[in-house]
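This one's a predicted model, so the numbers in the text were calculated from it and none came from an experiment. Residue numbers begin at 1 in each chain, while the letters A, B, ... track the order of the sequences.
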Number of protein chains: 2
Amino acid sequence: MGRQATITDVARAAGVSTFTVSKALRNQPHVAPATRQRVLEAASKLNYAASKSAAALVSGKTKRVALLIGEQITGWFNGCIQEGIYDVLSTRGYDLLIYRAGSSKERQSFFEHLPAKRNADAIIVVSFTLTDAETQALQALDMPIIAIHSDTTDFSQGSVRIDDRQAEIEAVHYLSTLGHKRFSFLDRYNPLPEYSWGANQRINGYKEAIKRFNLVDCGVLSMDNSGEHPAKKAAAAILSMPKRPTAICAWSDNCALSLISELRQSGILIPEQLSVMGFDSSDVAELGGLSSVSQPARAIGANAAKKALDLINGVSLADAHTLIKTQIIPRDSTGPAPVVP
Amino acid sequence: MGRQATITDVARAAGVSTFTVSKALRNQPHVAPATRQRVLEAASKLNYAASKSAAALVSGKTKRVALLIGEQITGWFNGCIQEGIYDVLSTRGYDLLIYRAGSSKERQSFFEHLPAKRNADAIIVVSFTLTDAETQALQALDMPIIAIHSDTTDFSQGSVRIDDRQAEIEAVHYLSTLGHKRFSFLDRYNPLPEYSWGANQRINGYKEAIKRFNLVDCGVLSMDNSGEHPAKKAAAAILSMPKRPTAICAWSDNCALSLISELRQSGILIPEQLSVMGFDSSDVAELGGLSSVSQPARAIGANAAKKALDLINGVSLADAHTLIKTQIIPRDSTGPAPVVP
DNA sequence: CTGAAAGCGCTTACAG
DNA sequence: CTGAAAGCGCTTACAG
């Protein structure tokens with residue numbers, strides 16, 4: 001591997017000082033157009049790219065934003081969040097650094113070593129319930145903290161989230177306007193305690209809606225994977241009920257779709273006999289015509305990234321803690337309640 | 001934000017030189033145990049974390065690996081890849097940098113500015129078909145290149161992939177051993193030209209298997225989203241066939257599951273009347289009991305990361321271009337061919 | 001509008 | 001086993 005061109009090489013090639021190269025390449029004012037042109041050409045010819053390391057060392061700005069993911073990187077929500085963050089960062093010349101603190105071992109290691117420390121200008125934390133010690137460790141990073149979908153936000157300078165509870169209330173309400181009276185909630189697959197907040201909020205919203213709208217709760221179904229596959233078990237549980245629900249609210253689109261598939265195999269027509277509502281309105285909902293609660297995950301990520309960049313640049317946030325609206329998207333898995341239940 | 005402790009602060013606190021602190025903290029030999037202990041304590045007390053920027057500047061190693069993603073970050077495969085890469089990097093003190101080159105505009109911008117240049121020690125490229133100019137630009141990064149799931153691998157120093165063609169042949173073969181004679185292939189949702197390689201390989205494998213095992217191809221179904229939702233259209237297409245297939249191979253688990261759901265709504269029992277095979281064996285396959293071709297995406301990511309680290313450390317790769325085995329995972333969506341078709 | 005000098009915080013030879 | 005010095009490649013005041 002050959003030696004990479006440095007700012008000195010460019011300066012020499014353009015016949016100016018490194019100072020001028022630096023200014024010209026960063027589009028700063030007070031550089032003569034002709035000079036700038038000469039510098040740009042020299043840089044391009046030499047295939048020059050500035051070392052963020054050297055710049056960071058002297059400016060104190062790394063031009064990087066860290067994303068700290070609780071649980072796992074994989075998954076629709078975290079993927080969309082990354083996408084949205086990247087949308088914003090990439091246009092502003094910032095790099096995206098990924099950290100995961102999934103298992104408790106990994107979590108401990110992260111908070112002990114704080115690899116993000118001094119290596120990013122801000123940190124975005126997603127789907128995390130922090131202990132006091134972890135909160136302190138995060139503060140010690142000494143950089144702006146943005147929280148996405150976090151239950152507490154006081155440790156952060158900015159946050160973005162949806163109201164899971166309210167979203168679920170709206171889902172139940174939508175189904176009740178279709179005449180549904182008997183409901184069940186389909187819980188998520190293998191819930192992890194660390195991640196349970198959103199899930200709990202959704203169940204809480206579900207339960208509150210049942211009360212508020214005077215409906216019947218036929219019980220919360222779980223998606224555990226002991227024995228047969230989870231969706232099959234959940235479907236069997238519904239079919240074995242002496243008096244079945246006519247509407248089901250699911251934790252996620254994936255849960256909803258696999259349940260629907262199983263129920264239909266048993267001859268239940270959906271939505272004719274039973275309505276099923278997903279959550280997320282992810283690509284799979286579109287693919288399978290699943291009614292769902294739309295959560296604009298990509299926009300949430302973008303919003304968080306904008307907040308991070310504002311804080312980095314010393315801009316105070318007009319709206320530090322943002323609550324993003326969800327939306328009911330009716331597709332083909334929900335319909336009027338059956339006349340004879 | 002207060003000033004962060006530097007190596008000088010730690011050195012002063014421990015009563016040693018910065019040289020000794022540097023050695024002690026990096027677990028290098030030739031430091032007296034007592035000295036090391038003292039340094040560790042001082043560093044911990046001062047909440048010290050080394051600046052990767054400063055270290056990078058002098059050592060020439062950024063301790064970062066870049067992941068360049070074609071198309072989009074979101075999705076099961078890319079998520080698992082990230083997960084696997086992270087598994088390896090995190091235990092070795094390396095950071096993960098994400099770049100996306102999805103739209104052609106973004107792609108152009110990436111290859112023009114090469115933001116990864118000098119800011120990572122290696123780059124892993126996933127699901128990319130590169131033009132010659134792009135290949136050259138990538139070479140200009142002057143760092144090891146690892147390709148994941150790429151059609152050409154000659155631009156890389158190492159690669160990891162599955163054999164999509166062979167995997168699909170095995171899927172068809174598995175179904176044929178169950179007595180199936182009439183097949184269809186369900187293509188992916190909104191195929192993008194840039195990403196089409198794997199998809200084409202899967203169709204190619206499907207077609208070859210049809211020939212090789214003397215089967216009947218009832219046609220390739222597409223998942224386009226004009227009009228009704230994609231899965232519904234695909235299901236309708238199958239139902240309208242004068243002579244239907246008894247087995248369907250789908251591009252992905254998501255496609256397969258939504259198709260199954262639609263077919264069952266129309267009274268088709270699966271697998272009794274029709275077998276459907278997914279691809280990926282992702283979490284949704286497990287959830288919904290979907291038979292699938294298992295592709296160990298996380299292991300692929302980990303393998304790529306290991307290769308990257310080896311190349312960074314000057315270790316030559318024992319197995320530079322790795323082909324990872326896929327596996328047929330029968331679950332509940334495939335079964336013996338119906339006796340009366 | 002441009003330059004020469006200083007310095008960011010580390011690691012790397014070179015000594016001892 | 002440890003230290004003093006040099007230097008990585010930039011940006012930032014300070015001048016002119």
Interface limits on DNA chain D, where chain A has a heavy atom under 4.0 Å of a nucleotide atom: D:dG9 to D:dA13
B:T322 and B:K307 side chains, donor-acceptor separation under 3.5 Å: yes
With no hydrogens and no angle check, just 3.5 Å: does a side-chain donor-acceptor pair link B:D132 and B:T135?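 No, no side-chain donor-acceptor contact under 3.5 Å.
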If you write DNA chain D from 5' to 3' in dot-bracket form, with Watson-Crick or G-U pairs under 3.5 Å, [ ] for crossing pairs and | for pairs with another strand, what do you get? |||.||||||||.|||
CG on A:N303 to CD1 on A:I324, rounded to 0.5 Å: 5.0 Å
Tell me which of A:T18 and A:P33 sits closer to the 5' end of DNA chain C, going by the nucleotide each one is nearest to. A:P33
[X]: salt bridge (charged side-chain N to carboxylate O under 4.0 Å, His left out) partners, not counting sequence neighbours:
{"X": "A:R12", "value": "A:D9"}
{"X": "B:R26", "value": "none"}
{"X": "A:D87", "value": "A:R298, B:R100"}
{"X": "B:K61", "value": "none"}

Would B:L138 and B:F111 count as a side chain to side chain contact (heavy atoms under 4.5 Å, CB included) here? Give the steps. CA-CA 8 Å; B:L138 224 48; B:F111 286 104; 3.8 Å; yes
Is a donor on one side and an acceptor on the other found under 3.5 Å between the side chain of A:Q4 and the backbone of B:L141?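 Side chain of A:Q4 to backbone of B:L141, a donor-acceptor pair under 3.5 Å: yes, one is there.
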So, using ring pair (Phe, Tyr, Trp, His ring centres under 6.0 Å) as the criterion, who are the partners of A:F110 when residues are at least two apart? A:Y99
Report the residues that fulfil ring pair (Phe, Tyr, Trp, His ring centres under 6.0 Å) with B:F155, sequence neighbours left out, ordered by chain and then residue number.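 For B:F155, no residue satisfies ring pair (Phe, Tyr, Trp, His ring centres under 6.0 Å) once neighbours in sequence are set aside.
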Does anything in residues 54-64 of chain B reach DNA chain D, meaning a heavy atom under 4.0 Å, and if so which residues?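 Contacting residues: B:L57, B:V58.
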Enumerate the residues from residues 36-52 of chain A whose closest heavy atom to DNA chain D is under 4.0 Å, giving them by residue number; use none for an empty result. A:Y48, A:S51
At under 4.0 Å between heavy atoms, what does A:T35 touch on the DNA or RNA strands: base, sugar-phosphate, or nothing?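 Contact class for A:T35: sugar-phosphate only.
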Holding to side-chain hydrogen bond (donor to acceptor under 3.5 Å, both in side chains), I want the full list of residues that pass it with B:S17, two or more places apart in sequence or in another chain. B:T20
Distance-only donor-acceptor pairs under 3.5 Å for side chains of residues 41-54 of chain A, two or more places apart:
residue : atom : partner : partner atom : Å
A:E41   : OE2  : A:Q37   : NE2          : 3.1
A:S51   : OG   : A:S53   : N            : 3.2
A:S51   : OG   : A:A54   : N            : 3.2
A:K52   : NZ   : A:D95   : OD2          : 3.4

Relative to the 5' end of DNA chain D, which residue comes earlier, B:H30 or A:K23, by the nucleotide with the nearest heavy atom? B:H30
